[in-house]
Amino acid sequence: MKKVSVLLKTMMLSTSQWNIYKYTEDKKKKGRVVGNAIGMVVLFIMLMGYSIAQCIGYGMFGLTDSIPVMCALVISIMGFFLTFLKVNGYLFNFKEYDMLMSLPFKPRDVAACKFLYMYIKSLPWYMGVSLSMMIVYGVYSEASILTFLIWIILTIFLPLIPMVAATFLGFIITKIGSGFRNKTLGQTVITFIFILLIFVLEYGLQYAGRTGKMGELMGIVSEATDSVCKWYLPAKWFTGAVGDLNLLDMLLLIVISLVIFGVVFVIVGSSYRKINSALKSHGTSREFEMKDSKTRSVVGAIAFKEFKRMTGSTIYMTNGCVGELMCLVAGIAVLFVDIDKLISKMLMGAPITKDMLTPAIPFIIYFFIGMVATTAFTPSLEGKNYWIVQSLPISKKTLYQGKMLFNMMLTVPFAVFGSITLSISMKAGLVSTVLSVVLVVLLCAFSTTWGCVCGIRHMRLDWENEVEVIKQGAAVAMYLFPNMFGTMILLAATVMLGTRMNHTLILGALIVVIGVLAGLCYKKVMKLCE
């Protein structure tokens, strides 16, 4: 354990933003650290606000006793998904593998250290959710100081079991995927299948709960969360320890979490070196055939380079293509379902018809496509090899035009397909369909250029793991949240205007607005390249 603590301390210090701010003399780096901190604080406040609002609803309907269960479930779900999405990149196939494995550490020590690193990095988010819910619970239940103390202590251990479960699942997927000749593709396909199953399960649960009035719905949710305790023991132990001050439940949660952690990492450690070595190796073909080399324009070559980088990284593919995959699935599904019934179920019986939603088709599709733009993180992915790009006889404008071209090639086909199939399903006219396609292409252009603005302005090249820029980068956060809220506002405004104005006029006006925004963002990218 001493070796693990030494390695963990070194990793924490080497990636500490505070260390960068404290010791660097580069004002740009200091500004970037401050910007990242402000962004994280904003996200943290939003998460706490959502948690408080959720628990106030429980308290108002007299369901205070269900708050601890909800807290346990939310933290467990967060822990599972945040860990599952980071396993490939943090625990397996990470950049500094050769360096770490050359040190006098056992494979299981390295694996445990990488897991604990993920845990410590995520713990503030778990604590934020937990403390928010604890405050509301304390207000409505008038709990004692001992209850608060137990709540805080158990929050430290509550994420361990779901995180270990996600790690073990990722271990299985990685072990299976490492046996494929194209390892990245194999892991990506398995991961996408799992994500689709989760979405199907989530929709099924939402569909089951969309009945009755608000109070009845809260009652259904409360019964559902309480019933979870019967099979999800950590939630039961947490609830018993907090609600009834049961010492046995408290000890069970702590001891069993630690035991499961130890057992799983003995298992993972036994194959850790073998799996990572397989992931680092490259298969070779026995057959070789000489062919003519293809020629591409410089911009096209850069776009192709981005494509090869994406297909060589599971993290890149699962983040950059999940929206396109969901758009493809949704686009096919709407051709075989009753769209009126689907709208009624999705909107919980709200008086909104398909005719009202017709002008909003591009924004519905954009929710799938536009929530992630590869241009938000590809500038940072150059990392420590950025000097190679700088030394090439190409301008920065050409470099980023190639990156933007790749994002357009990735998003536009799926966006156009989804827009056409949804227009057919909603029986939109030919003119509306054509305008919707034009608008969704312009939305892809805006997403591409705005993402590139964020990617250049918040570029981070000193990363040790690509997860840090693809999932946790300041550029991705700065791209995502204004884009998401802006899309929601435009979607709602389009639906409201659709009841009073001609749909062609609405779509035409939006085409002009989005086209101007995309043009301004492209101009900003070119200016940043000077």
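With sequence neighbours excluded, the residues that form a ring-ring contact (aromatic ring centres under 6.0 Å, His included) with Y117 are Y90. Partners of K9 by salt bridge (charged side-chain N to carboxylate O under 4.0 Å, His left out), not counting sequence neighbours: none found.
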Could you check I260 against L160 for side-chain contact (heavy atoms from CB on, under 4.5 Å), going step by step and ending with a plain yes or no?
CA-CA 9 Å; I260 290 176; L160 274 177; over 6 Å; no
Test side-chain contact (heavy atoms from CB on, under 4.5 Å) on I267 and F168 and set out the steps.
CA-CA 9 Å; I267 298 172; F168 190 71; 4.0 Å; yes
Report the C-alpha distance between L116 and F261 in whole Å, list the side-chain angles of each, state the deciding distance to 0.1 Å, and finish with yes or no for side-chain contact (heavy atoms from CB on, under 4.5 Å).
CA-CA 10 Å; L116 289 173; F261 169 76; 4.2 Å; yes
Evaluate M404 against T449 for side-chain contact (heavy atoms from CB on, under 4.5 Å), listing each step before the verdict.
CA-CA 7 Å; M404 288 189 287; T449 52; 3.9 Å; yes
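For A376 against A475, the heavy-atom pair with the smallest separation is O-CB, 3.1 Å. The two atoms that bring Y479 and P482 nearest to each other are O-CD, 3.9 Å, heavy atoms only. Scanning all heavy atoms of the two residues, the minimum distance from P379 to G455 falls at CB-O, 3.8 Å. Taking all atoms of both residues into account, the shortest heavy-atom contact from V242 to P68 is CG1-CG, 4.4 Å. Between A165 and F80, the closest heavy-atom pair is C-CE1, 4.1 Å. The shortest heavy-atom contact between A72 and S76 is O-OG, 2.7 Å.
With a 4.5 Å cut-off on side-chain heavy atoms, V329 and F368 do not count as touching. Within the 4.5 Å cutoff, side-chain heavy atoms of V525 are placed close to those of I456. Side-chain contact between M488 and F367 is present, with at least one heavy-atom pair separated by less than 4.5 Å. The shortest side-chain heavy-atom distance between M118 and F115 falls under the 4.5 Å cut-off. Contact annotation: the side chain of T374 never approaches that of M310 to less than 4.5 Å [non-hydrogen atoms, C-beta and beyond]. A 4.5 Å side-chain heavy-atom check between F157 and L258 finds at least one atom pair inside the cut-off. Looking only at side-chain heavy atoms (C-beta outward), P162 and T83 stay at 4.5 Å or farther from each other. When side chains are defined from C-beta on, I302 does not count as touching L405, because their heavy atoms never get closer than 4.5 Å.
The neighbour count for M409 CE, taken as heavy atoms of other residues, nucleotides or ligands under 6.0 Å away, does not exceed 12. The environment of M484 atom CE is dense: over 12 non-hydrogen atoms of other residues, nucleotides or ligands sit within 6.0 angstrom. By the neighbour-count criterion of 12 heavy atoms within 6.0 Å, atom CZ of R309 is densely surrounded, having more than that number from other residues, nucleotides or ligands.
Distance alone, capped at 3.5 Å, places no donor-acceptor pair between the N483 side chain and the S447 backbone. Counting only distance, with no hydrogens or angles, the side chain of T375 and the backbone of T448 share a donor-acceptor pair below 3.5 Å.
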Side-chain donor/acceptor pairs under 3.5 Å, residues 126-139, sequence neighbours excluded:
residue: S130; atom: OG; partner: W151; partner atom: NE1; Å: 2.7
residue: S130; atom: OG; partner: T155; partner atom: OG1; Å: 2.6
residue: S132; atom: OG; partner: G128; partner atom: O; Å: 2.7

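In this structure, OG1 on T411 lies 6.5 Å from CD1 on I369, to the nearest 0.5 angstrom. With rounding to the nearest 0.5 Å, the separation of CE in M250 from CZ in F238 is 10.5 Å. With rounding to the nearest 0.5 angstrom, the CD1 atom of I254 is 5.5 Å from the CG atom of L154. Going from atom CG of L410 over to atom SG of C444 covers 9.5 Å, rounded to the nearest 0.5 Å. Interatomic distance, CZ of F406 versus CZ of F307, reported as 7.0 Å (0.5 Å rounding). The distance from the CG atom of N407 to the SG atom of C452 is 9.0 Å, given to the nearest 0.5 Å.
When each of L251, I256, L248 is checked for a side-chain contact (heavy atoms from CB on, under 4.5 Å) with W237, only I256 meets the rule.
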